[in-house]
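Structure record follows, encoded as structure tokens.
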Amino acid sequence: MAANETWEDITAKIKEQADIVQIIGEHVNLKRSGVRFLGLCPFHGEKTPSFSVHGGQQFFHCFGCGESGDVFSFVMKQQGLDFPEALRLLAEKYHIELPQKRRSKEDEQRQKQKEQLYKVNELAAGYFSNYLKQSKDATVARQYLETRGVSQEIQERFAIGYAPDVETVGWNYLGSKFKGAEQRTAIEAGLLVAKDSGGTYDRFRDRIVFPIYNISGQVCGFGGRIVGEGQPKYLNSPESPVFNKSNSLLGLYQQKEQIRKRNRAIMVEGNFDLISLVAGGCENVVAPLGTALTREQLRLVKRFTEEVTLLFDGDDAGGKAAARGVPFFLAEQITGKVAVLPAGHDPDTYVREEGLSALTRLLDNAENLPEFVLGRWVQQYGLGLDGKRRIVEELKPLLAATVSPLQRAVFLSHFAEKLGMQVADLERHLEQKIMKEIPVEPKITRQKQYAGIETLSIQQKQLVEFMILNPATYSVLAKNKIRDCLEGSIGEILFLELGKVVRQNPDAEPEELLTVLPEGAERRFVSNLLLNAGEEVDTDEGQCGKELDVFVDFLKRDQVKRESIRIMQQIQRAQAENNFQQVQELMMEKVRLAQILHE
């Protein structure tokens, strides 16, 4: 990167060097039509090409769904990235140097640790896959997959492998593959278990193994299904610096394009449920890893679709799982539906016995999630006086999860009608005590007019930038009333939005703020800040602490100034009322505050 190059220059250079026809052609079969190229739109299902790419003008447009933009827009939409991520990806592809943040030694060590974990996981996935394909001792595993209808093509797509049993290879098959630092990393990744007496043994034994990929295609963990006798039936990797099962979905990396194309994700409970549906032709499928659905998992899916259908067995557990998920769907503003399988079926048996067309009809007739849950409650409690009281109690966490006035109004109106109640009465009962399934987040009232960044003083702007670049300091700044200092400005919006991120992940990185910001001035400000901070941010913890002390002192003095202004207003009112005693008391308080400011 040249010393005099701005970020605008770099962005322009990438757009100049990145051939939009080549980039889009890696994902869409394009055919020349005059000066443009035509293909089937990757963002919605269509049979007649309406997706147009103009190489000379470097933009695309779909006449079917209306999607359009430049090379950055395409990469962001197609891969579920934000602008800085798309910029880095294209810069790397075209060998354009970007400035990098200076990292502390601790940050560099954490990054190196993650890279080592990904590398060891990738190696292990290869060992498991090769053993399944090549070893004569994996015959039983191959036969098992064959009986489940898992073809060779599906095995390759999901990199399915086999961890051999103890009787065949002993307790340390995988452990024998790793030595020294790699072995220590394999223990940290949960592939190996360290023995108290020294040495290691394999965690996964006699199991069909599914590598779990993050959205970037890196192997972050594994899920294993027992082949012979033994418990537990399913076993996942333990949590590590690169794997958190609550924030992972099996199949999302492989199936994200099908999910985007069909604008719907089907969520099933088990690994083989997912594999069977994909093998049966239903490809827009994902599966949580033996956990209840989480808000983080919905956020992952939300990058590619705005509709999720839960496909459950007809048992009570599925209904309870659906009820637990409703607040998350409301909070993320994703359309949720439920399709219930006939008695005696799971997704695997249903698609194999009834076929894809029957499954498609079942999914197309899925019931809206809130309606499904309300129906369960009516069935469970009835619509008598006591039943309605219980249903209202069940609705409280759902109302707490609504995130906009419109969503709240529709919610109240809809359920009031269903329960035969007045909207005001239902709202009053629901407001009496809100349960806390979801952390309560300060809501931004968009009716309020927020001033732009240009209205902030230099110190306020520096404070906002410090807060964004150092999310770990959020709670300290909040305690010292940073919101009061930034009230009515873009800074207040960014404070509230960063709070959402920090409550979800206390160790959040600054870039995660972009995941909750819509297009607009706030997002542009943060994007520019993060890009331009590359060479300037000092991540030394001691220096960060010193800067935090300076800003805390600034906030405390700001509070005193605000209090002084409030006292002056009270003095003026007291003078107007000829209350001279109160004037004297208030003047003494104002003098005290002035002394604090001059200390």
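- When side chains are defined from C-beta on, Leu293 counts as touching Phe329, because their heavy atoms get closer than 4.5 Å.
- The closest donor-acceptor contact from the side chain of Thr305 to the backbone of Asn263 lies under 3.5 Å.
- Taking the six-membered ring where the residue is Trp, Phe43 and Phe60 present tilted rings, their angle falling between 30° and 60°.
- Between the side chain of Ser489 and the main chain of Leu486, a donor-acceptor pair closer than 3.5 Å is present.
- Side-chain rings of Phe272 and Phe210 approach one another, their centers coming within less than 6.0 Å.
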Could you walk me through whether Leu40 and Ser50 pass side chain to side chain contact (heavy atoms under 4.5 Å, CB included), step by step? CA-CA 6 Å; Leu40 297 175; Ser50 63; over 6 Å; no

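- A side-chain donor-acceptor contact under 3.5 Å links Lys302 to the backbone of Glu332.
- In terms of heavy atoms, Arg352 sits closest to Gly149 at NH1-N, 4.4 Å.
- Under the 4.5 Å side-chain criterion, counting only non-hydrogen atoms from C-beta, Thr309 is not in contact with Val338.
- By the 6.0 Å contact criterion, CD on Glu92 is open, its count of non-hydrogen atoms from other residues, nucleotides or ligands being 12 or less.
- Interatomic distance, OG1 of Thr294 versus CZ of Phe328, reported as 7.0 Å (0.5 Å rounding).
- Atom-to-atom distance recorded for Gln79:CD and Phe74:CZ is 8.5 Å, nearest 0.5 angstrom.
- Partner of Glu283 under the salt bridge (Lys or Arg N to Asp or Glu O under 4.0 Å) criterion, out of Arg157, Lys256, Arg264: Arg157 alone.
- Environment of CD in Glu306: sparse, with no more than 12 heavy atoms of neighbouring residues, nucleotides or ligands closer than 6.0 Å.
- Here the shortest heavy-atom pairing between Asp70 and Ile20 reads C-CD1, 3.9 Å.
- Lys114 is not listed as a side-chain neighbour of Gln218, based on a closest heavy-atom distance of 4.5 Å or more.
- Side-chain atoms of Glu156 never come within 3.5 Å of backbone atoms of Glu153 as a donor-acceptor pair (strictly under, hydrogens ignored).
- A salt bridge links Glu497 to Lys500: one of the charged nitrogens lies within less than 4.0 Å of a carboxylate oxygen.
- Contact between Val28 and Gly39 at its shortest, heavy atoms only, is CG1-CA, 4.1 Å.
- To the nearest 0.5 Å, atom CG of residue Leu30 and atom CZ of residue Arg36 are 12.0 Å apart.
- For the pair Met267/Val285, no side-chain contact is recorded, criterion being any heavy-atom separation below 4.5 Å from C-beta on.
- Looking at Asn236, its side chain never comes within 3.5 Å of a backbone N or O of Lys245 through a donor-acceptor pair.
- Between the Asn121 side chain and the Tyr118 main chain, no donor and acceptor come within less than 3.5 Å of each other.
- Summarising the geometry, atom CG belonging to Leu341 is positioned 6.0 Å from atom CG belonging to Asp313; distances are rounded to the nearest 0.5 Å.
- Taking the side chain as every heavy atom from C-beta outward, Lys261 and Phe304 never approach each other to under 4.5 Å.
- Between the side chain of Gln255 and the backbone N or O of Leu252 there is no donor-acceptor pair closer than 3.5 Å.
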What's the verdict on side chain to side chain contact (heavy atoms under 4.5 Å, CB included) for Ile266 and Val286, showing C-alpha distance, side-chain angles and the deciding distance? CA-CA 6 Å; Ile266 311 302; Val286 293; over 6 Å; no

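- Side-chain contact between Arg203 and Pro238 is present, with heavy atoms from C-beta onward closer than 4.5 Å.
- Taking all atoms of both residues into account, the shortest heavy-atom contact from Gly190 to Phe204 is O-CE1, 4.4 Å.
- Side-chain contact check for Phe243 versus Phe222: every heavy-atom pair is 4.5 Å or farther apart.
- We find the CD1-CD distance between Ile334 and Glu307 to be 10.5 Å, quoted to the nearest 0.5 Å.
- Using a cutoff of 4.0 Å between basic side-chain nitrogens and carboxylate oxygens, Lys337 and Glu367 are not scored as salt-bridged.
- Remark: aromatic rings of Phe37 and Phe51 are distant, center separation not under 6.0 Å.
- The pair Glu26-Lys93 meets the salt-bridge criterion, with a side-chain N (NZ, NE, NH1 or NH2) lying under 4.0 Å from an Asp/Glu carboxylate O.
- When all heavy atoms of Ala86 and Met76 are compared, the closest pair comes out as CB-CG, 3.6 Å.
- Nearest heavy-atom pair across Ala287 and Gly270 is CB-O, 3.9 Å.
- Aromatic ring centres of His61 and Phe59: separated by at least 6.0 Å.
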Worked check of side chain to side chain contact (heavy atoms under 4.5 Å, CB included) between Val209 and Ile160: CA-CA 6 Å; Val209 178; Ile160 296 172; over 6 Å; no

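- No more than 12 heavy atoms of other residues, nucleotides or ligands shown are found within 6.0 angstrom of OH on Tyr253.
- Proximity of a side-chain donor or acceptor of Asn470 to a complementary backbone N or O of Ala472 within less than 3.5 Å is not detected.
- Asn368 places no side-chain N or O within donor-acceptor distance of the main-chain N or O of Pro370, the cut-off being under 3.5 Å.
- Taken from CG in Asn247 to SG in Cys220, the straight-line distance is 9.0 Å, to the nearest 0.5 Å.
- Taking 4.5 Å as the limit, every side-chain heavy atom of Leu38 sits out of range of all side-chain heavy atoms of Phe63.
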What verdict does the side chain to side chain contact (heavy atoms under 4.5 Å, CB included) test give for Leu277 and Leu311, after you've listed the backbone C-alpha separation in whole Å, the side-chain angles of each residue and the deciding distance to 0.1 Å? CA-CA 11 Å; Leu277 291 191; Leu311 181 59; 3.9 Å; yes

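- Side-chain atoms of Ser248 come within 3.5 Å of backbone N or O of Asn244 as a donor-acceptor pair.
- With ring centers used as reference points, Phe495 lies under 6.0 Å from Tyr474.
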